[in-house]
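Atoms considered below: every heavy atom in the structure, side chains included; atoms not considered: hydrogens, waters and symmetry mates.
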Amino acid sequence: MFDLYRLDDADLRRLFTQIRQIRPEFILYTCSTGFSSKSVLLDENDFVLLVRNVTELHAKIHGVTVDQYRDWIDAKGCLSCSALTKSGESCQGSVTGGFYLDAKDWVTRQGKSFCPAHGGHTKKGAAQ
């Protein structure tokens with residue numbers, strides 16, 4: 001049985017070259033805005049990363065760190081209020097316009113977005 005994970009990086013690159021001779025485009029589908037998918041054409045370095053650490057590859061594609069990517073996935077692309085309640089807990093209220101964000105936008109808006117109760121915009125107000 002062929003064990004892809006036992007190949008070293010050079011062998012993986014050679015395998016990728018062989019695959020490309022059969023099928024010129026090697027495409028990965030990854031989560032996108034609204035958790036639809038988008039297709040990404042992989043190069044040989046991406047192929048190695050796909051085998052070694054698929055989460056790192058997805059983070060790279062989205063332009064964020066692995067931890068940021070995991071947090072974005074866990075949050076389902078939705079922002080929570082950045083304010084603290086009187087008891088010192090995170091508010092976790094919904095942020096207007098903070099749903100189904102792409103990973104970069106979600107990361108950029110972390111810690112800067114608030115629900116209407118904490119000074120964020122309402123649907124009638126301007127978008128944050």
Classify the angle between the aromatic ring planes of His62 and Tyr69 as parallel (below 30°), tilted (30 to 60°) or perpendicular (above 60°). parallel
Does [X] have any side-chain contact (heavy atoms from CB on, under 4.5 Å) partners at least two apart in sequence or in another chain, and if so, which?
X	answer
Lys104	Val64, Asp102
Asp74	none
Gln21	Thr17
Ile27	Glu25, Tyr29, Ser39, Leu41

If hydrophobic clusters are built by linking Ile, Leu, Val, Met, Phe, Trp and Tyr wherever their side-chain heavy atoms come under 4.5 Å apart, do Trp106 and Val66 end up in the same one? no
Show me the donor-acceptor pairs, under 3.5 Å and distance only, between side chains in residues 42-50 and residues at least two apart or in other chains.
| from | atom 1 | to | atom 2 | distance (Å) |
| --- | --- | --- | --- | --- |
| Asp43 | OD1 | Asn45 | N | 3.0 |
| Asp43 | OD1 | Asp46 | N | 2.8 |
| Asn45 | OD1 | Arg13 | NE | 3.2 |
| Asn45 | OD1 | Arg13 | NH2 | 2.8 |
| Asp46 | OD1 | Lys60 | NZ | 2.5 |
| Asp46 | OD2 | Asp43 | N | 3.4 |

Which pair of heavy atoms, one from [X] and one from [Y], lies closest together, and at what distance?
X	Y	answer
Arg109	Gly97	NH1-O, 3.4 Å
Thr96	Pro116	OG1-CG, 4.0 Å
Cys81	Val95	N-CG2, 3.6 Å

Quick one, [X] and [Y] - any side-chain contact, counting heavy atoms below 4.5 Å?
X	Y	answer
Ser94	Phe99	yes
Val51	Leu7	no
Cys91	Cys115	yes

Can you list everything that forms a salt bridge (Lys or Arg N to Asp or Glu O under 4.0 Å) with Arg20? Sequence neighbours excluded, please.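 Arg20: no salt bridge (Lys or Arg N to Asp or Glu O under 4.0 Å) contacts found.
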